[in-house]
Structures are given as C-alpha cells and as structure tokens.
Amino acid sequence: MTTTPNTAVKPYANEPFTDFGKQENIDAMQAAIAKVKSEFGRSYPLRVGGRKIETEAKITSINPGNVDEVIGFVSKASQEIAEEAMQAALLAFETWKKVPARERAEYLFKAASLMRERKHEFSALMLLESGKNYVEADVDTAEAIDFLEFYAREMIRLSTVNESQPLAKIPGEDNHLSYIPLGVGVIIPPWNFPLAICVGMTAAAVVSGNAVLLKPASTTPVIAHKFVALMEEVGLPAGVINYIPGSGAEVGDYLTTHPKTRFISFTGSKEVGLHINKLAADTVPGQIWIKRVIAEMGGKDGIVVDETADLDAAASAIVASAFGFQGQKCSAGSRAIIVESVYDEVAERVVKLTEQLRIGLPEHNFASGPVIDNVSYARILDYIEIGKAEGTLLTGGSKAEGNGYYIQPTVFGDVGGKARIMQEEIFGPVLALAKAKDWQDAIAMYNDTEFGLTGSYFSSDEDRIAEALDTVHCGNLYINRKCTGALVGVHPFGGFNMSGTDSKAGGHDYLLLFTQAKLMSRKA
Ligand SMILES: NC(=O)c1ccc[n+]([C@@H]2O[C@H](COP(=O)([O-])OP(=O)(O)OC[C@H]3O[C@@H](n4cnc5c(N)ncnc54)[C@H](O)[C@@H]3O)[C@@H](O)[C@H]2O)c1
Ligand SMILES: N[C@@H](CCC=O)C(=O)O
C-alpha cells in the first residue's frame, strides 16, 4: 500500500447479524460447513516475518462436538522460534511505526470487507473448532468485523490533531500531542471468542503502530490462522503480525519475561492473568521500560431479580445468560439471585426453559453444544458434583450423549451465597440460584465476589433501579436484559477487581492502552 486515501470514512455501525429464520441463510451456512469440512486435516504453518515455518511438533485441533474429526494440524513454536519471531517483529516495528495512521487503518478496513464477504466461512470454521451454534458463531464473526471497523476509525481519530486531546493555547508556542506506538507486544487471546477477541486484541495493537507476536489458544489455532492469512492477503507488511501457537508455559513465559517485550495483551483466566502480571513485573537485564500488561480476565456474573420485575423476561434472560455457548463466556450469568417472594416462580420458569434446550452437534445447530475440551469437561463435571453437595439439583446434573464433550445444562437451587458454585468461575453450563431476603440483600449477594465483570438487575421500580445503577459493582451492568452480548462501540466491555485491569474493549479509550502520548512543544 503506497497512498493514504483522503476520503471520508463512513460513520461506524455494528455489523448486522444473520437471520437464521431464513432458509437461504441456513443453506449458506451449511454450504460453508461442507467447504470447511472438505479442508479438514490440513497442516498450518507458523508465520514469522513473512516466512511460513513447518515444525515437527504439532498442535492437533479437534472438533469438540465430534472428537474423531481433526480440524487441522498446526505447527508449534519452540522458544527458538519465539526468539526469531521477536527479532522479526522488532525489525518490522521500525518501519511499521512510521506508516501513517490512516494507512494502517486501511488494512483493517480491507480485512473487514473481506471477512464480511466470507463471513459464513469464518463462522463455519469457528463452529467446528469451538462448538458454537450458528447464531453464536455468526455473532462472533460480526464482532470481529466490528472490532476491525471500530479500531480503524479510532486510530484515525486519535491521530487527528485536536480530536484526541485538544490542548489549551498559550502565546508564543505551538503545542501538539501525538499518540505513538509502544513497540513489540505479545497477544494472548482465549479460545471462547476465538475470532472476535483474537481479532480485536491484535487489530487494536497493530493499528496503533505496534508489531505483535500472536500466540493463539491451543484449542482454536486454526481460526486464528485464518485471520492471520487474511491480514497477509490484504498486504499487511511481513513481521507486523507473527503467528506462533505454542505452549503457554514454554513460549508464553519466555516472551513475557523477554527484555524486548514492551506490552502483553492477555484475555483469559484469572490464574493465568495473575501469573503473567507477576512475571511481567520483574525487570530483566537489557529491559529499559516497565512492561504494560492489559489483562482481561474471568467473571462470576449474575442476574438479580426483585419482586417487581417482569418474571418471564427475567427467566428468559437468566437462561440465555447462563447457557449461551454452554456458559463458556466471561460474561455468563452463572448466578441468579432472586428475592424470596418470587423465587419459586422464577426457579420454575428457569427450569422449564432450561429443559427445552436441545443438546447436539453444532453443525446441526442445536441450542447446546459441547464444551471445549476434555480438561474443561472434567472440571465442569467436578463442579456439578460440588453443586450437588451445596444446593438442590433442579435439572441436568450429568454428562450428555454424543461423541464429544457434552454436558447437560444444569441448574442448582437454594444455593448459599458463600458456596463455591456461587463464588468460583465454572465456565460451563452450570447455574446456581440463590434466594435473597429483599432487593438490597440481593444486590449485596451479587457484590459478594472477587470478580466484577457483568451483571443484570431486573426490576420495574425506578428508585431501586437508580440504586442498583449506583451500587452494583461491575464493569458492564445491564437493566432488564441479559448480561451477555456486549456490542462493540455500544457497550465497551471489561470488568473490575479480579476481572482484569479495568480496560474497555470496543470503547473509545481502548487504543490508549497500546500507545504512549508524546507532547511536542515548539517556540513560535
Ligand atoms: N474479560 C474478558 O473480556 C474475557 C473474555 C473472554 C474470556 N475471558 C476469560 O478467559 C477464560 C477462558 O479462556 P481460556 O481457558 O483460554 O483461559 P486461559 O487463561 O487458560 O488461557 C488464555 C490464553 O493464555 C494462554 N496461556 C496459558 N498459560 C500461559 C502462560 N504461562 N503464558 C502465556 N500465555 C499462557 C493460553 O494458551 C490461552 O491462549 C475464562 O476465565 C474467561 O472468563 C475473559
Ligand atoms: N463480550 C462478550 C463476552 C466475552 C467473553 O467471553 C459478551 O458481552 O457476552
């Protein structure tokens, strides 16, 4: 790309979701699934400084809904290759940081446009690799497109004099503040939004002028590879994104402690986030900066329902929030805290709706699919056993049929606020219902957690809603709606306390995390 267009950019708007009520859209998704399946079992190389590297060691990516199907074999980086990737990124950074912001943004616009054209192909691969159903995969792809479109515009805004931070004027000086990139960063996304979050984290860093080492989650490396190949197709210079799947402990720790790593952008569990934060805080010989850690971590999200609420709407939102993508969202509403006078009524409706969820293969678009892998499967089944001792099993409670990691959507009733299933992130299809004396007690129970990511409050009482807006402590608080499904640019996303470093993905301040502000003052 050689020229910087001067044309105005259309205002940002969210990518529309596909209407799977229409047969033509179901047909299009099924055709895309067939195409992806015809490509099963291929090998995917690492991409370092524009070179494709095949390694003997491979990550085998499988379909969690049918464990006999291999999505692909992905080359696996060692520490030596991670070092090569670091050197390639350091080299690329020297030229990439000088590319005008508008030109950098154009790569994202182009990628968004191609992803939109091929959206079912991206969704189909994601569905087969992660176990999402049609709607969940489509929403994930739409969010990826949104991130590309949104951060591209944000970089243009940030680089426009006087738009990002107007400075007060004084006589005799011209002053200007510019947001410059940080350097080389490590991007570590989770598997649960294997396209959207991977794209969002990478695009934000790159459009800000940084070069990155992308280490995708080991369960979903093929969809991440498809994104990296797309960025190559739109002509992103070699070395700006280096794709290096590998072990967290080996490659991850190596890069986190590397003296040339300037920042680490991580989304994942509390445990790994804290580990990275601790390692990154240590300075090592040759390091001349304090590493920046952006960590978006887990949640123990919940829905509070008082006796004035629309109980049908509340029950539907509880079920959607708890069981969408099998509860494998950081925003999943795995707790519902209900005022005792309406508890039985809400619990009954929740159980009824949960029992209507059909379980089966994602490619056949069942409401509930598998969980991601054998480790999650075992952990969630353990939590179900813990739940049996902590509450009353109302529905579900065991594994489900299928040649994959299927678990019945499970609801426990009468769970105490301090129970483990009310306090710990399970990240699976397990919902705990708790009884509160009144609405204030319910809010206090909601707040009794180390996390603070998403929450919902259901009520029709305006005074209580005003109080809830003030006192429910979480990064994304919703009133009378589910606690999942944040939209880029509409609901900037990220939480408090052990949910992370208080960043807001899809918000106007997000790119500041990938830049540093340089003030330039000149005597007039
Ligand atoms: N706050 C958010 O926006 C958000 C969004 C999505 C998921 N999450 C959280 O992510 C978790 C689920 O994702 P997960 O199972 O992939 O999380 P995880 O913490 O197990 O892994 C996240 C990523 O870290 C990598 N990793 C593991 N050990 C590492 C190490 N030592 N050094 C560097 N990288 C390492 C993994 O390979 C993966 O890519 C849940 O806790 C969920 O709440 C949070
Ligand atoms: N942003 C998503 C959650 C991302 C984490 O898993 C939501 O709002 O549901």
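Atoms within each ligand, like the ligands themselves, are counted from 1 in listed order.
Distances from atom 26 (N) of ligand 1 to the heavy atoms of Val272, Ile276, Asn476 show the closest one on Val272. Scanning Gly248, Ala249, Ser247, Gly268 for the heavy atom closest to atom 10 (O) of ligand 1 points to Gly268. Between atom 5 (C) of ligand 1 and the options Pro216, Gly200, Cys330, the minimum heavy-atom separation is to Cys330.
Nearest protein heavy-atom contact of atom 3 (C) of ligand 2 is Ser331 OG, 3.4 Å. With hydrogens left out, the protein atom closest to atom 6 (C) of ligand 1 is Asn192 OD1, 3.2 Å, a heavy atom. With respect to atom 24 (O) of ligand 1, the closest heavy atom belonging to the protein is Ile188 CG2, 3.2 Å. Of the protein's non-hydrogen atoms, Cys330 SG, 3.2 Å is the one closest to atom 4 (C) of ligand 2.
Ring-plane geometry between Tyr254 and His258 is classed as perpendicular, the angle between the planes exceeding 60 degrees on a 0 to 90 degree scale with a lower cut at 30.
With a 4.0 Å cut-off on non-hydrogen atoms, His275 touches ligand 1 through its side chain and not its backbone. Residue-level proximity to ligand 1 for Ile197 is carried by the side chain, the only part with a heavy atom below 4.0 angstrom. Residue-level proximity to ligand 1 for Glu425 is carried by the side chain, the only part with a heavy atom below 4.0 angstrom. At a heavy-atom distance under 4.0 Å, only backbone atoms of Pro189 (N, CA, C or O) approach ligand 1. Residue Thr219 does not touch ligand 1, judged by heavy-atom distances below 4.0 Å. Under 4.0 angstrom from ligand 1, the non-hydrogen atoms of Phe493 all belong to its side chain.
Put simply, no part of Phe193 is less than 4.0 Å from ligand 1, judged by heavy atoms.
Between Lys132 and Asn192, the side chains place no donor N or O within less than 3.5 Å of an acceptor N or O (distance only, hydrogens not considered). Under the 3.5 Å distance criterion, with hydrogens and angles disregarded, a donor-acceptor pair is assigned to the side chains of Tyr383 and Glu424. Side chain to side chain, Asn365 and Asn133 fail the donor-acceptor criterion of an N or O pair below 3.5 Å.
The number of heavy atoms from other shown groups lying within 6.0 Å of NZ (Lys58) is above 12.
When only interatomic distances are considered, the shortest N/O to N/O separation between Met297 and ligand 1 falls below 3.5 Å. Remark: ligand 1 and Lys215 share an N or O pair separated by less than 3.5 Å (distance only, no angle test). Considering backbone and side-chain atoms together, Asp253 places an N or O closer than 3.5 Å to an N or O of ligand 1. At least one N or O atom of Ser269, backbone or side chain, sits closer than 3.5 Å to an N or O atom of ligand 1. Considering backbone and side-chain atoms alike, Trp191 places an N or O below 3.5 Å from some N or O of ligand 1.
Remark: the backbone N or O of Leu487 is paired with a side-chain donor or acceptor of His491 at under 3.5 angstrom.
Close approach of ligand 2 to Asn192 (heavy-atom distance below 4.0 Å) involves ligand atoms 5 (C), 6 (O). Under a 4.0 Å criterion applied to the non-hydrogen atoms of Ala486, ligand 2 contributes the atoms 7 (C), 8 (O).
Salt-bridge check for Glu15 with Lys119: failed, with every basic side-chain N at 4.0 Å or more from each acidic carboxylate O. Between Glu390 and Lys418, no side-chain nitrogen of the basic residue sits less than 4.0 Å from a carboxylate oxygen of the acidic one, so the salt-bridge criterion is not met.
Minimum heavy-atom separation, His275 to Asp253: NE2-OD1, 2.9 Å. Looking at every heavy atom in both residues, Ser331 comes nearest to Leu453 through N-CD2, 4.5 Å.
Ring centroid separation for the pair His508 and Phe150 comes in under the 6.0 Å cut-off. Aromatic rings of Tyr44 and Phe73 (six-membered ring for Trp) have centroids beyond the 6.0 Å cut-off, not under it.
Between Phe266 and the choices Ile294, Val272, Asn277, Thr256, the side-chain contact (heavy atoms from CB on, under 4.5 Å) rule is met once, by Val272.
Counting only heavy atoms, the protein gets under 4.0 Å from atom 34 (N) of ligand 1.
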